[in-house]
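Quick note on labels: first sequence line is chain A, next is B, and so on, each numbered from 1. Values reported hereafter were calculated over all heavy atoms of this structure, with side chains retained and with hydrogens, waters and symmetry mates removed.
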Amino acid sequence: MNKIFEKGGKLSWLHSTVDAFETFLAVPPTVSSKGSHVRDAVDLKRIIIIALIAAIPAALFGMWNVGYQHGLAIGDTRLNIIGNWWFGFLKVLPLYIVAYAVGLFIEFGTAQIRGEEVNEGFLMTGFLIPLIIPVTTPLWMVGLATAFSVIFCKEVFGGTGMNIWNPALVARAFLFFSYPKQMSGSECWIAMGKGETMLDACTGATPLALDGASAQYGTGFWDLFIGTVPGSVGETSVICILLGAAILIWTGVGSWKIMAGSVAGALLVGWIGNIGGATTIPAWEQLLLGGFAFGTVFMATDPVTSCQTECGKWIYGLLIGMLCVTVRLFNPGYAEGMMLAILLCNTFAPLIDHCVTGIHISRRNKKLNAA
Amino acid sequence: MSDNIVLKKGLDVPVCGAADLLVNKSIMPSLLSVEPTCFKGFSPRLLVREGDRVLCGSPVICDKQNPGILLCSPASGTVKNISRGEKRKLLAVVIEPDTVQEYVDRKPCNPSGCTAEQIREILLSSGLWLQLVQRPYGIVASPSASPKAIFVSSFSSAPLAADSEFCLGNELAALQAGVNALARIAPVHISSRPESVFAKLENAAHHFFSGPHPAGNVGVQISHISPIRKGEVVWTVSLEGLAAIGRLFLSGRYDLRRKIAVCGPMAVEPSYASVLPGTPVKEFKAWYGTAAEEIRFVSGDLLSGRNVGEDGCIGFYDNQLSLIREGREKEYFGWIRPLRLNQFSTDHSYFNWILPRRKYSMDTNIHGGKRAFLVNDAYYAKMLPMDIYPIYLVKACLAKDIDKMEKFGIYEVLPEDLALCEFADPSKNDIQDIIASGIDLMLKEMA
């Protein structure tokens, strides 16, 4: 690094920023000073980039789907795959630009104030935020929500690794509670061009809001599985999300235990609701609807805000799945339960871990005393 | 009594430069350092002056709190220099050895005929007491303590570790005498690899450990054999220490000579040397040539040894000198390259699992920036075959929460046991240092 950026230099106020770009381009020449002399080649940048790569299929499909849904809504389905994707890309790109610009600006600023290195955690958060909101969300809202979540959900706790809730979900929750009109209902899910109007037959609502009764979209297994339905940008395609899940599980970046727990919990409550008469949706369909799959794979498995212990991960996953479907079944005003289920379980994750480690300690003490 | 324990967790760090099984050189250095800094819980008081003559086994330094604990000269010669650091802290007593060695005159004795008190007395007066390390905390054994048991690990699983069968397999008589002596004080437990030659030793309970590093760490072995409870004390002794104790009883001589592995990616023809503790690194020039500036000299293994530098010397307990390159250069687009096959990672985000037998020429670069703990406890627990949540323990140490540290198992670990967690940590925290500071706090508060 040039001397003027170092402490005492003329531009030392840019230290963290310059350092961030330098370490982005090259692994720094730092050698171990204490403890183990050799270190594993993995670092957090690698782990974050893997998580990001895992979310790329869902993002690419989401962009195509924005275009496809638009075509359906205006009754003009002449565009081909690339045309649809390009339409969606142009709609989603501003969301990305705003989310990254606002989030990284705050990240760089706080790192500079604290005199720390810039943490790469926001690369993932910023990638997820546009995927979990409706494509029509006004850009200023995206900026505001991102700023709120980075400052109040992350930086006030001490930065990445110290936060209690998933920052991307907090951004979504902020939007949901502050601007419910733009975040739910049947208008927001489909991007429209200037002067375009929806066909009369088109409701624009997500299959979840319609409770499976829509005649307009196919809501059969394949439609939901492939993801050709309205919804938040990245959440609709279960097959793309499964691709991401495979990457996360193989690399160990996301915990398969949390994913499996969540699926089991959703199936259990979905099945009970089904035979109890609370819903006509079969249990397996709960897994395909709404943000369940996306939340399970990319949100619930966030290593910072999920449970630390192996046993805790099962409990945490189960609770998320169960809570999500419970909200869906018993809250007609708000059809999507995934966001709140994860945020609530984020809150309880330390408590779950506390209980698990407490049980472990008392079991250990018993074993020690018996020995 | 014997049992087989198979450990699944852990990792054999695949670094290249293992020592060939041959002794290349027997070194009697021109200068020899006696360093009191190798011992935890030992406050040195000097017993000699510059110019004094010492024999092999003459006391040079004693402990201020327990003047009975003596640190003796490993060779006969003249005290050449007394090296002090800041605030006159005693760093080393430098001895110029004689060409013909003279030993402090002691009579051989049969340990089986001695009482526990006599054994303790002999160990204290001979200077071999320092071979005993007390757990919890890994301090010099207290002469007033009555340990629950004494544990010996007959192998090391650390990267490039010296082969204990090669080093001491032909000294079974001395080892047996050492076991007989220590068995008078407390039951002796020996942990070995299955089918080890050391299973022949009598008068001890044998345990057999298979699995990757840290299976050879005595702390890990204790936690599987008989975990340390609050208030309990156990002692450990290295195999070299056990042999030295045995030689004392068999021949009456204070003889710390040992074979050490000179190894590591930067070692030229890695092999063994027969040396005394305190031998200067410069005596090993044949192994590293002129490239000293690029090399880190580690007395001990690459995970938990000490960086002693070219002017340093071999530590009291160490049987390994690891030479590794200082990785002081940038690696462009390191973390984003898909393959990066020349670097080793245990993480599946790289593809090293394709070549499980490959050895890597590692360096000291930490391959990233320091971050808060981000990945969760299970990531680290894969590296620690103990009934402990490593990151909960580390965080308890960071928070200086003694109650939590006790609960999460501070009594059972030494920093070396969590060295692999530190190796694998993507957040690049100094986990061993954090545990060491936790142990220091416990020592201060519980004293």
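To the nearest 0.5 Å, atoms CG (L393(B)) and OG1 (T357(A)) are separated by 12.5 Å. The structure places NZ of K428(B) at 6.0 Å from CG of D43(A), a figure rounded to the nearest 0.5 Å. Taking CZ of F408(B) as the reference point, atom CD1 of I361(A) lies at 4.0 Å (rounded to 0.5 Å).
Nearest approach of T251(A) to H348(B), heavy atoms of both residues: CA-CB, 3.6 Å. When all heavy atoms of I50(A) and S349(B) are compared, the closest pair comes out as CG1-CB, 3.5 Å. For A41(A) against Y350(B), the heavy-atom pair with the smallest separation is O-OH, 3.7 Å. Nearest heavy atom pair, residue G409(B) against residue R364(A), reads CA-NH2, 3.3 Å. Between V27(A) and G368(B) the shortest heavy-atom distance is CG1-N, 3.9 Å.
Highest contact tally toward chain A, considering only I324(B), V13(B), T346(B), is held by T346(B) [criterion: heavy-atom pairs under 4.5 Å]. Put simply, of N307(B), L420(B), V375(B), L303(B), the one with the most heavy-atom pairs under 4.5 Å next to chain A is L303(B). Contact count against chain A (heavy-atom pairs under 4.5 Å) is highest for E329(B) among Q343(B), E329(B), E416(B). Put simply, of S322(B), G305(B), P159(B), the one with the most heavy-atom pairs under 4.5 Å next to chain A is G305(B). Heavy-atom pairs under 4.5 Å with chain B were tallied for N119(A), T23(A), I49(A), V42(A); the largest tally goes to V42(A). When each of K407(B), K230(B), E326(B), E232(B) is scored by its heavy-atom pairs under 4.5 Å with chain A, the top score falls to K407(B).
In this structure, the side chains of H367(B) and D40(A) stay at 4.5 Å or more apart for every pair of heavy atoms. Side-chain contact between C307(A) and N376(B): absent, with no pair of heavy atoms (C-beta onward) separated by less than 4.5 Å. Between Q308(A) and Y389(B), the closest side-chain pair of non-hydrogen atoms is not below 4.5 Å.
Interface residue R337(B): only backbone heavy atoms are found under 4.5 Å from chain A. Looking at E422(B), both its backbone and its side chain come within 4.5 Å of chain A, counting heavy atoms on both sides. Heavy atoms of R328(B) lying under 4.5 Å from chain A belong to its backbone as well as its side chain. N342(B) does not touch chain A: none of its heavy atoms, backbone or side chain, sits under 4.5 Å away. Using a 4.5 Å cut-off between heavy atoms, Y360(B) makes no contact with chain A at all. Using a 4.5 Å cut-off between heavy atoms, E331(B) touches chain A through backbone and side chain atoms alike. When heavy atoms are compared at a cutoff of 4.5 Å, P265(B) does not approach chain A at all. Within the 4.5 angstrom heavy-atom criterion, only side-chain atoms of S306(A), from C-beta onward, approach chain B. Contact of D301(B) with chain A is made through the backbone alone, with heavy-atom distances under 4.5 Å. For L44(A), the parts lying near chain B are the backbone and the side chain together; criterion is any non-hydrogen pair under 4.5 Å. Using a 4.5 Å cut-off between heavy atoms, R306(B) touches chain A through its backbone atoms (N, CA, C, O) alone. In this structure, chain A has a heavy atom under 4.5 Å from the side chain of D433(B), while its backbone stays farther away.
R371(B) places no side-chain N or O within donor-acceptor distance of the main-chain N or O of G161(A), the cut-off being under 3.5 Å. With hydrogens and angles ignored, the 3.5 Å screen pairs a side-chain donor or acceptor of W335(B) with a backbone N or O of F24(A).
Within a 6.0 Å radius of CZ in F105(A), other residues, nucleotides and ligands contribute 12 heavy atoms or fewer.
Of all residues in residues 29-39 of chain A, those placing a non-hydrogen atom less than 4.5 angstrom from a non-hydrogen atom of chain B are P29(A), T30(A), V31(A), S32(A), K34(A), G35(A), S36(A), H37(A), V38(A), R39(A). Annotation: residues 341-348 of chain A contacts chain B through no residue [non-hydrogen atoms, separation under 4.5 Å].
For the salt bridge (Lys or Arg N to Asp or Glu O under 4.0 Å) condition, the pairs that include at least one residue of residues 375-395 of chain B, sequence neighbours left out, are K367(A)-D387(B). Note on residues 296-312 of chain A: pairs passing salt bridge (Lys or Arg N to Asp or Glu O under 4.0 Å), not counting sequence neighbours, are K257(A)-E310(A), E310(A)-K313(A).
One finds no salt bridge joining E116(A) and K370(B) here, because no Lys/Arg side-chain nitrogen approaches an Asp/Glu carboxylate oxygen to under 4.0 Å.
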